[in-house]
There are 2 protein chains.
Amino acid sequence: MRHDVRVITTMQHGPRPADFTDVRATNLAVVLRYARANAPCSRADIAAATGLNKATVSSLVADLIDRRMLRETGLTEHRIGRPATQLVLDGSPYAAIGLEVNADYMTAVAIDLAGVQLLSWRRSFTGLDATPNQAATAIAALGRRAVSRMVKEGRKVLGLTVGVPGLVCADGIVRFAPNLGWRDVDLRASVTRALGEPDYPVTVENDANLAVLAESRYGSFTGTANLVYLTGEVGIGAGIISGGRLIRGARGFPGEIGHLAVDPRDRQCGCGRRGCLEAAAGISALIAAAMPDAGQVSDLEPEVAELVRRARSGDKTALDALTEAGRAIGHGVSILGNLLDPEVVVLGGYFVPLAPWLLPAANEELAARSVEPDHTATLAASTLGHGAAATGGAATILDHVDAGYLPHLSR
Amino acid sequence: MRHDVRVITTMQHGPRPADFTDVRATNLAVVLRYARANAPCSRADIAAATGLNKATVSSLVADLIDRRMLRETGLTEHRIGRPATQLVLDGSPYAAIGLEVNADYMTAVAIDLAGVQLLSWRRSFTGLDATPNQAATAIAALGRRAVSRMVKEGRKVLGLTVGVPGLVCADGIVRFAPNLGWRDVDLRASVTRALGEPDYPVTVENDANLAVLAESRYGSFTGTANLVYLTGEVGIGAGIISGGRLIRGARGFPGEIGHLAVDPRDRQCGCGRRGCLEAAAGISALIAAAMPDAGQVSDLEPEVAELVRRARSGDKTALDALTEAGRAIGHGVSILGNLLDPEVVVLGGYFVPLAPWLLPAANEELAARSVEPDHTATLAASTLGHGAAATGGAATILDHVDAGYLPHLSR
DNA sequence: TTTGTTTATTCGCCAGACGAACTAAATCTA
DNA sequence: TAGATTTAGTTCGTCTGGCGAATAAACAAA
């Protein structure tokens with residue numbers, strides 16, 4: 001006797017009953033996701049692939065066309081049988097906006113419903129010099145500019161998400177962001193107010209979490225169900241997707257990989273302890289070790305560029321420091337790997353330009369420390385650039401739509 | 001404008017459309033779970049608490065009574081208004097069976113649908129002395145005895161799950177179980193055959209995963225959404241529940257905490273590396289360090305009892321070894337805690353009787369190594385005893401029912 | 001007894017998925 | 001060129017099952 005071991009993911013343990021609108025929402029989302037992944041496609045394709053009845057698919061597609069989420073393009077040609085009307089995702093009437101604040105820059109990204117990037121702005125910003133209030137005002141202003149651009153282009157904004165390098169509660173309050181000097185900042189309230197209490201949801205989220213979501217949707221390892229993203233900023237944090245879902249932890253504090261003890265040199269860390277990953281491979285620490293002549297650094301971007309130059313030219317101090325940081329990263333990733341068994345660990349932020357020198361040492365250390373050296377996680381540099389968290393912020397909004405929360409008809 | 005941030009958990013990204021039977025299954029499960037948590041309760045209670053219509057609840061309850069999953073008991077008395085008919089979970093017609101093989105014993109547990117334990121058998125068994133085939137035969141025989149007992153008592157068996165200390169594929173093949181000496185053993189096939197190709201599902205699963213599920217259903221921290229269980233057997237493995245879901249990893253290899261480097265003494269481990277947690281706190285290593293006079297140990301249970309005696313009497317060697325093992329555990333848990341941020345880490349297996357001596361050192365080390373010392377995970381000893389994995393195996397079957405896969409009417 | 005309160009069932013309504021039959025529009029074949 | 005074949009999409013009737021309102025039932029309090 002066969003057993004269908006597929007698990008109903010329908011409901012968690014909350015007492016959430018279902019009714020017919022849930023069926024409809026679920027099926028609309030099924031069609032939408034299929035179209036996103038397989039466009040252009042016909043109604044018949046969708047019916048065949050999803051198992052939905054042809055009549056049902058027609059009804060669902062009509063609904064999505066009404067909402068301007070799908071669009072009919074041409075017909076198929078030169079095929080036997082009646083030609084199929086091709087459907088494509090019509091992303092253009094909608095926009096999702098992601099913002100990011102970090103210690104040294106701010107980013108805004110907007111994408112349409114189809115995931116096409118509509119804008120990508122970056123401005124440098126020294127977070128530690130500003131009060132939380134000033135920073136909130138600045139990020140809100142950036143968000144407002146992005147929103148008004150979208151509105152001007154005739155798009156309906158579906159939502160706006162802000163990424164912050166720190167601990168964020170579900171209610172949008174930033175509990176603690178050491179590299180910004182924030183504590184208990186109600187960023188969501190500030191941004192919502194600055195945007196004039198908009199009718200779309202405004203969310204605040206940890207930057208590593210957003211980055212890993214971006215990576216899973218737009219990175220080189222799209223669709224990987226077990227994925228980790230390491231932020232390579234001043235601090236090092238991990239965003240973790242396991243079983244296709246973001247790990248949030250009990251208090252919103254997972255992914256604190258930056259203060260694992262992995263540094264054989266046992267350097268002093270800003271957190272008060274010794275030997276932390278951040279003290280060995282955090283970008284400030286790395287620059288200090290690789291370019292001891294550099295002195296106090298304020299703007300990191302040119303320093304990293306200089307470090308790349310030195311590494312290219314074979315500067316021994318730089319190469320040694322990079323190797324050692326790579327080893328520390330490999331050690332950290334091996335711990336992650338043994339506990340969580342991800343397919344891929346993506347290095348982001350400033351680690352990306354430095355990856356050619358970090359990865360070999362990291363991979364070596366990773367292999368040496370894995371329980372199953374044949375089955376270690378793949379280490380790779382992100383291809384998304386610095387906007388990863390902002391892109392991820394926008395992506396969460398699309399995820400929400402894809403999960404069945406469709407935007408209402410625009411009248 | 002308010003936003004409903006509740007996330008539809010209805011569907012994952014697979015193209016699984018929904019129809020009316022899903023609505024029915026979802027709502028039956030909602031009622032069942034409510035009754036499990038709040039029995040005795042009336043139809044009106046259920047309607048009020050779940051938001052389902054009273055008429056719908058009546059229909060759902062009738063269905064569950066038909067299936068003999070609910071039962072009407074008396075009426076409420078001495079209350080204003082019409083008295084309510086009380087409903088209770090009627091677990092007795094159904095049984096779920098969990099088995100466990102370990103290096104030194106085998107366990108069988110059966111529970112009814114209401115979670116009442118129906119039997120709990122334990123027999124010692126030296127796994128390494130037997131061939132995988134002999135072991136599979138032995139565990140299957142134990143399972144068969146449990147099943148026939150249940151059938152004799154007039155219960156319908158809902159499923160049988162076997163826990164194994166090792167890597168198990170989704171198809172029930174044990175890829176690797178070092179402490180049993182197994183590699184690529186198709187345990188599910190063996191057990192299924194021995195049971196005569198039954199019409200209920202037979203599943204094989206990692207023991208730590210089952211134990212953490214048991215802990216989340218029946219332990220002292222029931223309902224905790226972020227929970228870790230550490231097996232304290234010959235090996236040390238972690239079962240991880242995060243966000244209410246079991247972490248499975250990419251290759252089924254998560255929770256490999258036993259080989260993290262946490263031992264300051266850097267002892268040689270059986271895995272070939274040095275300084276592993278298992279080499280510092282695994283029960284065999286711990287006994288060797290705490291009772292250097294003990295020599296080669298075959299049966300662990302009396303040795304652990306002896307160790308408890310010595311610790312009670314203040315034996316310095318024993319206490320020092322326990323403190324050191326506790327520190328190693330605390331270090332390992334701190335790593336887990338920083339990466340996953342669980343509410344609770346439960347120590348199981350042989351750690352339970354030793355907990356009074358392990359926990360103080362472990363907690364101390366944990367606090368010292370946590371990023372947020374005020375918010376560390378709670379460390380506690382399991383209250384479930386050695387049958388945790390077997391109980392968890394039975395619990396997975398109830399979970400499956402609770403998730404909406406109701407048993408069919410017995411005709 | 002009457003009134004009020006709470007419980008549970010009955011009944012009609014309606015959303016929406018499904019299957020079958022049907023129409024539509026192409027290519028293939030004789 | 002006229003079917004025949006093939007594939008696409010719609011129409012229509014059926015059926016499942018949740019919902020709201022009305023109703024019956026059963027008790028306490030006045």
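Just so it is clear: chains get the letters A, B, ... in the order the sequence lines come, proteins before strands, and each one is counted from 1.
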Would you list the protein and nucleotides 21-28 of chain D atom pairs, both N or O, that sit under 3.5 Å from each other?
residue: D:dA26; atom: N3; partner: B:R82; partner atom: N; Å: 3.3

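Between A:I241 and the options A:N209, A:L213, A:I247, a side-chain contact (heavy atoms from CB on, under 4.5 Å) holds for only A:L213.
Between B:T56 and D:dC19, a side-chain N or O to OP1/OP2 separation shorter than 4.0 Å is present. Contact check, A:T85 against D:dG9: a side-chain N or O comes under 4.0 Å of OP1 or OP2. Listed pair B:N27 / D:dG18 meets the phosphate criterion, a side-chain N or O lying under 4.0 Å from OP1 or OP2. For B:T21, no side-chain nitrogen or oxygen approaches OP1 or OP2 of D:dG17 to under 4.0 Å.
B:H400 and B:Y405 have parallel rings, their planes meeting at less than 30° on a 0 to 90° scale where 60° marks the start of perpendicular.
With rounding to whole Å, A:L60 atom CG is found 12 Å from D:dT10 atom P. A:F20 has its CZ atom 8 Å from the P atom of D:dC19, to the nearest Å.
Using a 4.0 Å cutoff to heavy atoms of chain A, the contacted part of DNA chain C runs 5' to 3' from C:dG16 to C:dC28.
Look at B:R155 and B:D112 and you find no salt bridge, because none of the NZ, NE, NH1 or NH2 atoms lies under 4.0 Å from a carboxylate O. Salt bridge present: A:R248 and A:E205 bring a charged side-chain N and a carboxylate O closer than 4.0 Å.
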Which pairs would a plain distance check flag for residues 51-58 of chain A, meaning a side-chain donor or acceptor within less than 3.5 Å of a matching protein atom at least two apart in sequence or in another chain?
residue: A:N53; atom: OD1; partner: A:A55; partner atom: N; Å: 2.7

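The two atoms that bring B:A35 and B:C41 nearest to each other are CA-SG, 4.2 Å, heavy atoms only.
Within the 4.0 angstrom heavy-atom criterion, base atoms lie near A:S58. Backbone-only contact: B:S42 has heavy atoms under 4.0 Å from sugar-phosphate atoms and none from a base.
No side-chain N or O of B:D399 forms a donor-acceptor pair with one of B:T396 less than 3.5 Å apart. Checking A:T222 against A:R217 by side-chain atom types alone, no donor-acceptor pair falls below 3.5 Å. B:D90 and B:S92 share a donor-acceptor pair across their side chains, judged by distance under 3.5 Å alone.
Nearer to the 5' terminus of DNA chain C, by closest-nucleotide assignment, is the contact made by B:D45 (compared with the other of A:R24 and B:D45).
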